[in-house]
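Basis for what follows: all heavy atoms, side chains included, without hydrogens, waters or symmetry-related copies. The chains referred to below are lettered A, B, ... by the order of the sequence lines, with proteins before strands, and numbering in each begins at 1.
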There are 2 protein chains.
Amino acid sequence: MSVTQQPRRRDAAATREAILNSAIEAFTRAGYDGAGVREVAAAAGVTAMLVNRYFGSKEQLFAEVVNRSFAPPTIVGDDPAELPAQIARALVDRTDPAAAQLSPFLLMLRSAGNPRAAEIMHDAIAGHAGSRLTGLLDGADADQRAELILALIAGVWLMRSVIATPALTGADPAALTARLTIALQALSGPGH
Amino acid sequence: MSVTQQPRRRDAAATREAILNSAIEAFTRAGYDGAGVREVAAAAGVTAMLVNRYFGSKEQLFAEVVNRSFAPPTIVGDDPAELPAQIARALVDRTDPAAAQLSPFLLMLRSAGNPRAAEIMHDAIAGHAGSRLTGLLDGADADQRAELILALIAGVWLMRSVIATPALTGADPAALTARLTIALQALSGPGH
DNA sequence: ATTGGATGTCTACGACCGTAGACCGCACTG
DNA sequence: CAGTGCGGTCTACGGTCGTAGACATCCAAT
């Protein structure tokens, strides 16, 4: 990203952070298999070996990227009644085909092909990310409904941003948001 | 799959078919980047070069795999009213964590990380697969609703089979089917 | 029986991958 | 000013990848 290569004073923490940010960008854009250690290192202004020195291996680097990328709380608020509409709005907005966005969902979708990467993401979701959305829901099977919501989000992200399916990329944002809101409401409600 | 390597008489059509089937299995299991030409060839009982001889390149082989894999009509019937329930049943059944299934959705999810593979799948969906489901719906924006249904299916497949999210893998099949039916109904209806 | 084209294999090249160990130089402490 | 330890780089190894060209082999038609 930042081609501006100011020499950067010797600072272990800052360098580590630069590598991590570069890795988030690279893994999100190209997936686990598509992003190389040399590429991550070059974008951070260092050598490939330094990456392994700080993170041990590409796999461990990816694990830190996943934890960092999945960490920030989702953009949605905390009113359960408004949740579906908020998610729908944010989803349609952030999957706009015109603007390429950095997102944990893109990271997940583009890295799902690698078994080790899938396992790492599984652990991250099972450990932290899943429970956050679950906490916003109430009633029975809140965890199942939360994961279904995540599934719908991921699916839309896949079709609209990665595969660039015609009807979804060309859809009227307002209409798409409305329809997604309805579907998300169906998934949010206790249902019984 | 079939480790039985009977010499197989010289038969161009049969060999081509064996390679294609082997490629479907390999690409679906490991994704575009994860499956190698040598691996595909070995499983078909031939050499790597023969693959390129018959299909030109790995990319063209993948294109044929996608077209073949997306070709068979979805398992669902043709009664629009029963569509959501049928899809939900088939989806929950075929994403059973115990039984690893061959499916175009798995192929898509595990290959989405590669840009060229994504483009090939885009063309296949835009050209054929998308319109098939669209034809089963009626009302305005049928294509958009069809793609949203595909998105939900893909998302559930991702979370349940690839990432193996806890609440979805451990869910009671009947309850999960019921909830998915509701969500699919919300996506199927004209909505206005 | 021979010939010729189709069918399949062998060897190899160049590129890229993740990673290991030896080495270098700056900055700070004494 | 000397030296030491941390931050960083260089070189290289073994491996796998996709693919190209020359070569072998089998089957069918003559």
Side-chain angles (χ1 to χ4, degrees), chain A residues 2 5-23 26-27 29-66 110-111 113-120, chain B residues 2 5-23 26-27 29-66 110-111 113-120:
Chain A
S2 63
Q5 298 277 35
Q6 37 198 12
R8 185 190 24 248
R9 319 265 311 165
R10 297 198 156 201
D11 183 340
T15 301
R16 208 189 123 98
E17 194 67 14
I19 294 174
L20 192 53
N21 286 330
S22 162
F27 281 137
R29 178 176 37 78
Y32 181 82
D33 284 331
V37 179
R38 286 171 174 83
E39 169 190 353
V40 170
V46 294
T47 331
M49 257 322 287
L50 206 63
V51 174
N52 272 8
R53 245 210 185 1
Y54 275 118
F55 295 90
S57 70
K58 183 184 181 180
E59 225 176 86
Q60 294 175 254
L61 169 64
F62 182 75
E64 289 222 27
V65 163
V66 166
R110 294 213 238 251
S111 302
N114 186 287
R116 290 292 300 120
E119 193 176 331
I120 290 170
Chain B
S2 63
Q5 297 279 33
Q6 36 200 11
R8 186 192 19 250
R9 321 264 309 164
R10 294 197 159 202
D11 181 341
T15 301
R16 209 190 123 97
E17 195 66 14
I19 294 174
L20 193 52
N21 287 330
S22 162
F27 281 137
R29 179 176 36 78
Y32 181 83
D33 284 331
V37 179
R38 286 170 175 83
E39 169 190 355
V40 170
V46 294
T47 330
M49 260 319 290
L50 206 62
V51 175
N52 273 8
R53 239 204 191 6
Y54 275 116
F55 296 90
S57 69
K58 182 183 181 181
E59 226 176 84
Q60 294 174 255
L61 170 63
F62 183 75
E64 290 222 28
V65 164
V66 166
R110 294 213 238 250
S111 302
N114 186 285
R116 290 292 301 122
E119 193 177 330
I120 290 170

Distance below 4.0 Å between A:T15 side-chain N/O and D:dG7 OP1 or OP2: no
Residue pairs, two or more places apart or on separate chains, that pass side chain to side chain donor-acceptor pair (under 3.5 Å) and touch residues 37-51 of chain A: A:R29-A:E39
Whole-Å distance separating the CZ atom of B:R116 from the P atom of D:dG18: 15 Å
Under 4.0 angstrom between B:Y54 side-chain N/O and C:dT7 OP1 or OP2: no
Flag side-chain contact, heavy atom, 4.5 Å: B:R16 against B:F55: yes
Sugar-phosphate only, base, or nothing, as touched by B:A35 at under 4.0 Å among non-hydrogen atoms: sugar-phosphate
Nucleotide C:dA20, atom P - distance to CZ of A:R53 in whole Å: 11 Å
Nearest-neighbour nucleotide for the B:V46 side chain, C:dT9, D:dG7, D:dG18 considered: C:dT9
Touch class at under 4.0 angstrom, heavy-atom based, for A:A41 against every strand present: nothing
Strand-adjacent residues in residues 55-63 of chain B, judged by heavy atoms under 4.0 Å from DNA chain C: none
Atom pair OH (A:Y54) and OG1 (A:T15), whose distance is rounded to the nearest 0.5 Å: 5.0 Å
Sequence neighbours excluded, every pair satisfying salt bridge (charged side-chain N to carboxylate O under 4.0 Å, His left out) that has a member inside residues 41-60 of chain A: A:E59-A:R116
Between P of C:dT19 and CG of A:L50, the distance in whole Å: 14 Å
Along DNA chain C (nearest heavy atom to each residue), the more 5'-positioned of B:A13 and A:G34: B:A13
Selection from C:dC10, D:dC23, D:dG7 that lies nearest to any side-chain heavy atom of B:M49: C:dC10
Show each protein N/O and nucleotides 12-16 of chain C N/O combination with a separation under 3.5 Å, one pair to a line.
residue: C:dA12; atom: N6; partner: B:R38; partner atom: NH2; Å: 3.4

Value in whole Å for how far the P atom of D:dT16 lies from CG of B:D33: 17 Å
Atom pair distance, as rounded to whole Å: CD1 in A:I19 and P in D:dG8: 8 Å
With sequence neighbours excluded, residues passing side-chain contact (heavy atoms from CB on, under 4.5 Å) with B:S111: B:Y32, B:F62, B:L107, B:A117, B:M121
Least distance between heavy atoms, B:V65 atom then B:A23 atom: CG2-CB, 3.5 Å
Minimum side-chain heavy-atom gap B:L20-B:L61 below 4.5 Å: yes
Test side-chain hydrogen bond (donor to acceptor under 3.5 Å, both in side chains) applied to A:D33 - qualifying residues, sequence neighbours left out: A:N114
Closest approach of B:V40 to B:S22 (non-hydrogen atoms, all atoms of both residues): O-OG, 2.7 Å
Of the listed nucleotides D:dT9, D:dT19, C:dT19, the one nearest the side chain of A:N52: C:dT19
